[in-house]
Undergrad: 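Sharing a structure with you now.
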Amino acid sequence: MAQVVLNNVKKIYDNGFEAVKGVSFTVPDGGFCVLVGPSGCGKSTLLRMVAGLERISSGDIHIGERKVNEIEPMDRDIAMVFQNYALYPHMSVYDNMAYGLRNRRTAESDIAGRVKEAARILELSDDMLKRKPRQLSGGQRQRVAMGRAIVRQPAAFLFDEPLSNLDAKLRVQMRGEIKQLQQRLGTTSIYVTHDQLEAMTLADVLVVLNGGAIEQIGAPLEIYRKPASTFVAAFIGSPAMNVLKGRGEGGTLGIGEARLALSHPVSGEVLVGLRAEDLQPLSGPAPGSLPVKLRYVEELGAHRLMHGEIGGQPLVVSLGMEHAIGDEMWFGVDPGAIHLFDAVTRSRLPG
Ligand code: ATP
């Protein structure tokens with residue numbers, strides 16, 4: 001096992017496009033790092049550079065003590081799990097799992113022991129080991145792909161959107177399995193996804209990417225609670241954080257006609273971040289509350305989302321099932337739950 005360190009890593013493709021713009025971060029030994037961001041932000045390019053499948057234009061990557069920039073993928077001591085499983089259709093599940101070890105001339109007796117142990121951990125029966133990949137379900141195939149990574153006992157696992165081909169229910173189940181497996185094996189992991197919920201639930205270290213650069217890095221809850229920019233605020237969390245135009249007037253904040261109390265004075269145009277669950281319904285109009293006009297409601301079973309507007313700006317509020325929803329409602333906000341961002345740079349304001 002090993003820590004993985006990226007130091008000012010850049011990728012410029014042959015057509016001159018800079019897909020990764022000087023990215024640095026460290027995944028501690030045994031840590032689970034998730035790279036998350038919208039399509040095209042450069043997460044797969046970064047992962048492929050760690051794997052050695054893509055050349056690094058500048059910067060360094062270390063896996064353990066070794067700088068791996070010039071080391072072949074095969075010799076980097078990593079195992080990769082892909083979205084499409086990348087299993088050999090003509091080989092049995094057993095042979096698929098054994099393949100990488102045979103390539104490295106591992107003794108058959110050792111291979112048998114490792115495949116058996118991986119199959120036990122992943123609950124793949126002896127009968128399944130004899131089947132061809134096409135005779136397995138999508139979830140079972142993904143488990144075989146993981147088995148193939150486990151038997152290698154690598155310094156690091158690299159996951160490239162491994163759950164994207166599974167249905168929603170199976171994704172949640174496999175997400176839990178991957179998390180438990182990684183905790184049990186303690187293998188340093190880097191995992192790429194565009195799904196913020198998957199990212200939140202799996203990561204110890206969350207790296208939010210935007211346009212080839214790191215927007216924010218930290219523990220998932222830290223990022224959720226203190227997004228560094230409106231981009232992160234809108235990307236991490238479901239529903240997305242509300243971001244409204246507002247105006248600081250010393251100790252109060254104007255949003256349309258409403259005035260909210262602030263814990264720190266600000267002045268001038270700002271962007272105001274409010275999480276849907278931080279808005280508290282009041283029984284009627286009150287000073288320091290937000291009046292919200294109803295547009296429509298989404299019933300989610302355990303709770304409901306009220307989609308409304310304030311001064312022409314959309315706002316989503318999360319409400320318990322016990323709250324009746326009216327055409328106009330008033331909400332209170334704890335000053336500590338108000339996030340403020342610079343109106344121009346869209347970065348979080350201090351305080
Ligand atoms: P997705 O979630 O859609 O896979 P991603 O965040 O993984 O997106 P990358 O695949 O890393 O994004 O691509 C980053 C950017 O680099 C994109 O704008 C993409 O079009 C560009 N890109 C990828 N491969 C090449 C290439 N071989 N030549 C030129 N540009 C490329």
Side-chain angles (χ1 to χ4, degrees), residues 4-27 32-61 63 68-70 72-73 76 78-86 138 142 145-146 149 156-168 170-172 174-175 178 188-203 205-218 220 223 227-238 240 346:
V4 178
V5 182
L6 281 78
N7 186 16
N8 203 15
V9 171
K10 290 188 188 173
K11 177 69 192 183
I12 301 167
Y13 280 110
D14 292 343
N15 63 359
F17 181 72
E18 193 175 9
V20 175
K21 300 173 180 164
V23 163
S24 303
F25 63 87
T26 297
V27 188
F32 200 130
C33 169
V34 179
L35 308 180
V36 69
S39 181
C41 71
K43 48 196 187 302
S44 297
T45 302
L46 259 178
L47 193 77
R48 291 168 59 80
M49 285 194 284
V50 178
L53 302 173
E54 203 72 73
R55 272 195 70 78
I56 302 162
S57 303
S58 70
D60 297 325
I61 298 180
I63 299 177
V68 297
N69 290 41
E70 304 301 331
E72 290 296 315
R76 289 197 182 192
I78 45 119
M80 210 157 164
V81 182
F82 296 95
Q83 172 178 354
N84 60 6
Y85 322 128
Q142 191 48 264
M146 303 232 309
F157 291 136
L158 306 181
F159 297 94
D160 194 0
E161 304 242 11
L163 306 182
S164 309
N165 285 347
L166 304 176
D167 66 46
L170 200 53
R171 282 183 79 129
V172 175
M174 291 296 293
R175 190 169 85 199
I178 289 179
T188 312
S189 299
I190 305 182
Y191 187 108
V192 160
T193 180
H194 61 270
D195 180 334
Q196 59 85 25
L197 192 58
E198 210 165 283
M200 285 283 289
T201 50
L202 284 171
V205 181
L206 187 56
V207 179
V208 185
L209 291 163
N210 181 19
I214 295 182
E215 192 84 21
Q216 189 170 7
I217 178 164
I223 291 180
S229 62
T230 55
F231 175 86
V232 179
F235 195 77
I236 299 292
S238 178
R346 305 181 80 89

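Atoms within each ligand, like the ligands themselves, are counted from 1 in listed order.
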Undergrad: Please determine whether a side-chain nitrogen of the Lys or Arg among D195 and R171 lies less than 4.0 Å from a carboxylate oxygen of the Asp or Glu.
TA: yes

Undergrad: With a heavy-atom distance limit of 4.0 Å, tell me whether K43 approaches ligand 1 through its side chain, its backbone, both, or neither.
TA: both

Undergrad: Can you sort out which atoms of ligand 1 are near T45, meaning under 4.0 Å from one of its heavy atoms?
TA: 9 (P), 11 (O), 13 (O), 14 (C)

Undergrad: Measuring only between side-chain heavy atoms, which start at C-beta, is V81 closer than 4.5 Å to Q142?
TA: yes

Undergrad: Could you find the nearest protein heavy atom to atom 4 (O) of ligand 1 and give me its residue, atom name and distance?
TA: S44 OG, 3.7 Å

Undergrad: Got the closest protein heavy atom to atom 19 (C) of ligand 1, with its distance?
TA: F17 CE2, 4.6 Å

Undergrad: May I ask whether G37 has any heavy atom positioned less than 4.0 angstrom from an atom of ligand 1?
TA: no

Undergrad: Considering only protein heavy atoms, which is closest to atom 3 (O) of ligand 1, and at what distance to one decimal place?
TA: S39 OG, 2.6 Å

Undergrad: Return the closest protein heavy atom for atom 14 (C) of ligand 1 as residue, atom name and distance.
TA: G40 O, 3.5 Å

Undergrad: List every atom of ligand 1 that sits less than 4.0 Å from any heavy atom of N15, numbering the atoms from 1 in the order shown and giving each element.
TA: 29 (C)

Undergrad: Suppose we measure from atom 30 (N) of ligand 1 to each protein heavy atom; which comes out shortest, and what is that distance?
TA: Y13 CD1, 3.3 Å

Undergrad: Which atoms of ligand 1 are found less than 4.0 Å from any heavy atom of P38?
TA: 6 (O)

Undergrad: Based purely on interatomic distance, does A19 place a nitrogen or oxygen under 3.5 Å from a nitrogen or oxygen of ligand 1?
TA: no

Undergrad: If you look only at distance, which donor and acceptor atoms sit under 3.5 Å apart when one is on a side chain in residues 5-18 and the other is two or more places apart or in another chain?
TA:
from, atom 1, to, atom 2, distance (Å)
K11, NZ, R55, O, 2.9
Y13, OH, T45, OG1, 3.0
N15, OD1, F17, N, 3.0

